[in-house]
Every structure is written in structure tokens, then in C-alpha cells.
2 protein chains.
Amino acid sequence: MTKNTIAEKLVTAGIKPTRIRVALATMLLSGKDQHVTADSVVSIARQKGIRTSVASVYNTLNQFADCGLLKRIIVDHGPIFFDTNTDNHYHVYHENSGTLTDLPAETLQITGIDEIPRTGTITGVDVIIRVSA
Amino acid sequence: MTKNTIAEKLVTAGIKPTRIRVALATMLLSGKDQHVTADSVVSIARQKGIRTSVASVYNTLNQFADCGLLKRIIVDHGPIFFDTNTDNHYHVYHENSGTLTDLPAETLQITGIDEIPRTGTITGVDVIIRVSA
DNA sequence: GTCAGTGCAAACCCTTTGCAGAAAG
DNA sequence: CTTTCTGCAAAGGGTTTGCACTGAC
């Protein structure tokens, strides 16, 4: 049942629901919001008995991100975080632990974005609040 | 004259004004605001006849950033940008060209930061508006 | 049987590090 | 002379790529 809706979600996003894609989508897209790295996904997948590789995980995560099922978050030059919450929202980065937490869009009010000088369309507004203990 | 004030600026920041440090500081801190990468600094420096190496440029830029003379900007997994404008401000990232432009702090009004749930102190608020042609 | 998907290993880019030589006081 | 700085080359971390194998229709 869940598997069906996950597979459908992939099809709707324009991705063929293959074995690992469904496996990773089930891991990532059917539970609660989480921030994962490619490495953590490989570990979790293997714990669950899913046989896969780093390359396939990167391929899959990038496909998911490219079609809007995941959001990429860049906080520093370390690993890229993938956010399963694709709603418009912001992030708090805890520098000591290297972890992220979500900040719902309502928490911050940002005005003036429409007035910025630009050519083209805005594809994203990334806000990261860095905190240190 | 300029050299003296640059050297003094380094001393004030707690850095001993050595040959490349003064050379790079002169390149970066005495003109107008710019966004550079380690690689671009090496190129520019060599064009100006300054003999240096990638390692020294990284060392120097990191020292400058650590003591507040430059700001690091992370936009993606590519090279780190160093911003010579250390005032509180935000950025527009032009995805097609891979370039950054500044957005003065007054351009955006962000309210609600004080109310976010956190432990510790806020060490930075990074805002990157991504635009694509 | 065909063709996309997968996994391994190697390549890749950017950054940092180890160490010997150079420079500054 | 001593100590720090510099530069080269090698190592390092994270991601992507090339290519043969697998698996689904």
C-alpha cells in the first residue's frame, strides 16, 4: 500500500520506480522530515538490508532533488544535506554538532525579495542561521 | 602609503604582515568589494607578478576569514567564495554564470530571528537568493 | 533481446597537510 | 641563529563518471 503510493509519487515526479529508487523513496519520503547525507543514506539502507552502492545513492538522491522530491542544503564544504521537507522553509545549522533543524517559513518574515535587482527568475531562497554553543 | 595602512590593518587584525599577506591584502582589501575564489586569487596574483602557491593562498585567505577581514560564502559544492565585503549583507547567486552579487542588508527585512528556538549564539545569518536566467 | 538501471573502481575537484627550503628579525 | 612563513607535492574528503553486469519488460 505504502509501496504503491511511493511508486506513484515517483511516476508523478517523472521517475521510473525501480528497485532502489522505491527503496530509498520509502526510506526518505514516507516518514517524517529528515536531513540526510549520501553517506548516511548508504548506512541506513544497508542496515535495512538494501544492497546498494555510493554511486547509486548519489544518482538517486540527485534525481530526487532535480525533480523536487528532495531539497539540497549546502552548509559548508562537507557533505551535501538532502532535506525531505520540500516546503518553503529555512534552516538552523548547529556548528558544534554539524546538524540541521528546520525553521518553518512562518518563523521568519522576509520582505523585499521581490524588489531585488535581477534578471531571470528566483529558483530558491536559502536561509541558514548558524548557531554555536 | 596604501601599503602602510594595509600592513596596519593586518596587525590590527592580529596577523603579522608578511610578504604575501600584504600582497594579497593589497589586492583584496584596498579596492572595491569583490567575490573571489582561491583559484582566482592565484591567477590574479600571478598576473600581477606575485610569485605564490595555491597552499599559501588558501592559508592566507583562511587567516583573513578567521579574523574577520573576509567572509566565506558557500553556494554549492564548488569552490568557496571569499567576500571582501564584511558588512552584514546578503547575496544573489546567478546560477548560469556561477557569479555572486551583493544585496545590502537594507534590501531585505528579516524579522523573527530573535524568536527562533536555539541554544547558543547566532554566529551568522546566510541568505542566498538563487536566480536563473 | 534490448535497454535502462546498478555497482564497483577510478577519476575528479577543491582543500588541507607534511615537510624542506627561504625569509625575516 | 632561530623561528615563522612559504611553496611544492602528496594526501584527503566528497562527488561524479566510465564501464561492465544485472535485471526488467
Side-chain angles (χ1 to χ4, degrees), chain A residues 3 6-7 10-11 13-27 35-46 48-67 69-83 93 98 100, chain B residues 3 6-7 10-11 13-27 35-46 48-67 69-83 93 98 100:
Chain A
K3 234 179 171 177
I6 285 289
L10 293 182
V11 173
I15 295 181
K16 201 190 289 183
T18 62
R19 189 179 56 85
I20 355 172
R21 284 180 195 156
V22 171
L24 296 193
T26 304
M27 273 177 47
H35 303 108
V36 300
T37 63
D39 218 54
S40 74
V41 170
V42 172
S43 303
I44 300 168
R46 288 185 177 157
K48 289 184 184 288
I50 303 167
R51 187 178 148 282
T52 188
S53 66
V54 184
S56 296
V57 167
Y58 272 108
N59 285 340
T60 306
L61 292 178
N62 281 330
Q63 285 159 4
F64 287 2
D66 288 344
C67 66
L69 295 173
L70 292 175
K71 240 183 171 174
R72 290 187 185 86
I73 311 167
I74 317 276
V75 286
D76 58 22
H77 205 256
I80 296 173
F81 285 89
F82 291 86
D83 190 346
Y93 181 61
L100 284 168
Chain B
K3 234 178 171 179
I6 285 290
L10 294 181
V11 172
I15 295 181
K16 201 190 289 184
T18 61
R19 189 179 58 85
I20 356 170
R21 285 180 195 157
V22 172
L24 297 193
T26 304
M27 274 176 46
H35 303 107
V36 300
T37 63
D39 218 54
S40 73
V41 170
V42 172
S43 303
I44 301 168
R46 287 186 177 156
K48 289 184 185 286
I50 302 166
R51 187 178 148 281
T52 187
S53 67
V54 184
S56 297
V57 166
Y58 273 108
N59 285 338
T60 306
L61 292 179
N62 281 330
Q63 285 158 3
F64 287 2
D66 288 343
C67 66
L69 295 173
L70 292 175
K71 239 184 171 173
R72 289 186 186 87
I73 311 167
I74 317 276
V75 286
D76 58 22
H77 204 256
I80 297 173
F81 286 90
F82 292 86
D83 191 345
Y93 181 61
L100 284 168

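Here is how names work: the chains are called A, B, and so on, in the same order as the sequence lines, proteins then strands, and each is numbered from 1.
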Would you please confirm or rule out a distance under 4.0 Å between OP1 or OP2 of D/dG7 and any side-chain N or O of B/Thr52?
yes
Value in whole Å for how far the C1' atom of D/dC8 lies from CD1 of B/Ile20:
13 Å
Applying side chain to side chain contact (heavy atoms under 4.5 Å, CB included), run through B/Tyr93 and B/Asp76 and close with a yes or a no.
CA-CA 10 Å; B/Tyr93 181 61; B/Asp76 58 22; 3.3 Å; yes
With a cut-off of less than 4.0 Å, is there a side-chain N or O of B/Arg19 near OP1 or OP2 of D/dG7?
yes
Mind listing the closest non-hydrogen atom pair of A/Val42 and A/Val54 along with its distance?
CG2-CA, 4.1 Å
Ignoring backbone atoms, establish whether B/Thr18 has a side-chain N or O less than 4.0 Å from OP1 or OP2 of D/dT4.
no
Report the distance from atom OG1 of B/Thr52 to atom CG of B/Asn59, rounding to the nearest 0.5 Å.
9.0 Å
Describe the nucleic acid contact of A/Ser56 in one word from base, sugar-phosphate, nothing, applying a heavy-atom distance below 4.0 Å.
base
Using a 4.0 Å cut-off to any heavy atom of chain B, which nucleotides of DNA chain C are the first and last in contact, reading 5' to 3'?
C/dC14 to C/dT17
Can you list everything that forms a side chain to side chain contact (heavy atoms under 4.5 Å, CB included) with B/Ala55? Sequence neighbours excluded, please.
B/Ser53
Please examine the side chains of A/Val41 and A/Phe82, heavy atoms only from C-beta on, and report whether any two atoms are closer than 4.5 Å.
no
Give the rounded distance in Å between these two atoms: NZ of B/Lys16 and P of D/dT3.
12 Å
Considering only heavy atoms from C-beta outward, does the side chain of B/Asp66 approach that of B/Arg72 to under 4.5 Å?
yes
Would you tabulate the pairs of protein nitrogen or oxygen atoms and nucleotide nitrogen or oxygen atoms of nucleotides 10-20 of chain D closer than 3.5 angstrom?
from, atom 1, to, atom 2, distance (Å)
D/dT15, OP1, A/Ile80, N, 2.6
D/dT15, OP2, A/Tyr58, OH, 2.1
D/dT15, O5', A/Tyr58, OH, 2.9
D/dT16, OP2, A/Asn62, ND2, 2.9

Separation of atom CD1 in B/Ile50 from atom P in D/dT6, rounded to whole Å:
12 Å
Nearest atoms (heavy-atom pairs only) where A/Ile15 meets A/Cys67:
CD1-SG, 3.4 Å
Please test A/Met27 against A/Val36 for side chain to side chain contact (heavy atoms under 4.5 Å, CB included), starting from the C-alpha separation and ending with a verdict.
CA-CA 11 Å; A/Met27 273 177 47; A/Val36 300; over 6 Å; no
